[in-house]
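Step one of this worksheet: look at the structure below.
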Amino acid sequence: MLGFPEFAIDDETLPYDVTRARFAGYREGLGAAWNPELTVRAIGNRPETGARALVELMRMDPRPTAVLAMSDALAAGVLIGAAEHGIEVPAQLSVIGFD
């Protein structure tokens with residue numbers, strides 16, 4: 001999972017309602033399968049951010065076989081990063097962008 005922070009970076013008393021609602025939906029939908037340790041928070045909604053986040057995701061053990069990105073821009077960056085690192089999509093990694 002590649003998503004945005006749920007609160008303002010400089011003030012955790014300021015929630016991002018849309019992000020929080022999406023994460024709540026993911027948690028509810030996945031139930032017992034939800035694992036917050038498999039989530040990377042992206043700062044910024046740019047393809048470059050998604051490409052950098054892919055590096056962090058690929059350090060996980062085991063490596064993910066799919067990435068759900070909270071925006072199409074992040075998903076595009078994941079695809080760019082996958083191409084740069086020789087990761088075949090969709091054979092080795094499935095990528096989904098939402099919104």
Side-chain angles (χ1 to χ4, degrees):
M1 173 70 211
L2 175 56
F4 300 112
E6 294 182 68
F7 299 91
I9 296 167
D10 60 343
D11 187 348
E12 289 193 10
T13 66
L14 300 173
Y16 293 138
D17 294 335
V18 171
T19 301
R20 293 185 71 209
R22 286 185 186 173
F23 274 116
Y26 301 149
R27 284 189 291 270
E28 180 181 338
L30 288 168
W34 170 257
N35 184 347
E37 293 181 18
L38 300 177
T39 301
V40 171
R41 298 294 200 270
I43 308 299
N45 187 25
R46 299 183 166 278
E48 301 82 33
T49 306
R52 283 192 305 270
L54 177 65
V55 173
E56 188 175 342
L57 288 163
M58 290 295 111
R59 289 187 191 130
M60 293 180 175
D61 186 26
R63 289 173 72 169
T65 58
V67 175
L68 168 60
M70 204 175 269
S71 78
D72 290 341
L74 292 177
V78 170
L79 292 171
I80 291 167
E84 290 173 350
H85 294 283
I87 300 168
E88 295 180 25
V89 175
Q92 295 175 304
L93 184 70
S94 298
V95 180
I96 301 167
F98 179 79
D99 196 23

*Does Leu54 belong to the same Ile/Leu/Val/Met/Phe/Trp/Tyr cluster as Ile80, with side-chain heavy atoms less than 4.5 Å apart forming each link?*
no
_If you compare all heavy atoms of Arg20 against all heavy atoms of Arg27, which two are closest, and at what distance to 0.1 Å?_
O-NH2, 4.2 Å
*Can you measure from CD1 (Ile87) to CG (Leu79) and round to the nearest 0.5 angstrom?*
10.5 Å
*Decide yes or no for Thr49 and Phe4: does some side-chain heavy atom of the first lie under 4.5 Å from some side-chain heavy atom of the second?*
no
*At what distance, to the nearest 0.5 angstrom, does CZ of Arg52 lie from CD1 of Ile43?*
10.0 Å
*Between the main-chain N or O of Met70 and the side-chain N or O of Arg22, is there a donor-acceptor pair closer than 3.5 Å?*
yes
*Compare all side-chain heavy atoms of Met60 with those of Val40 and state whether any distance is below 4.5 angstrom.*
yes
_Using side-chain heavy atoms (C-beta onward) and a distance below 4.5 Å, is Leu74 in contact with Asn45?_
yes
_Distance-minimising heavy-atom pair for Thr19 and Pro5_ = CG2-O, 3.3 Å
*Using the six-membered ring of Phe23, assess whether NZ or CZ of Arg41 lies under 6.0 Å from its centre and within 45 degrees of the ring axis.*
yes
*asked:* My understanding is that only one of Leu57, Thr65, Val67 makes a side-chain contact (heavy atoms from CB on, under 4.5 Å) with Leu93; could you say which?
replied: Val67
*Taking the side chain from Gln92 and the backbone from Glu88, do they hold a donor-acceptor pair closer than 3.5 Å?*
yes
*Distance in Å, Thr39 OG1 paired with Tyr26 OH, rounded so as to fall on 0.5 Å steps*: 10.0 Å
*Do the side chains of Phe7 and Tyr16 get nearer than 4.5 Å, heavy atoms only?*
no
_Tell me the closest heavy-atom pair linking Gly97 and Ala75, and the distance in Å._
CA-CB, 3.6 Å
_Same apolar cluster (I L V M F W Y, side chains within < 4.5 Å links), Leu38/Val55_ = no
*Please test Val78 against Leu2 for side-chain contact (heavy atoms from CB on, under 4.5 Å), starting from the C-alpha separation and ending with a verdict.*
CA-CA 9 Å; Val78 170; Leu2 175 56; 3.8 Å; yes
_Can you confirm whether Met1 sits close enough to Pro64 that some side-chain heavy atom of one is under 4.5 Å from a side-chain heavy atom of the other?_
no
*With a 3.5 Å cut-off and no angle check, do the side chains of Asp99 and Ser71 form a donor-acceptor pair?*
no
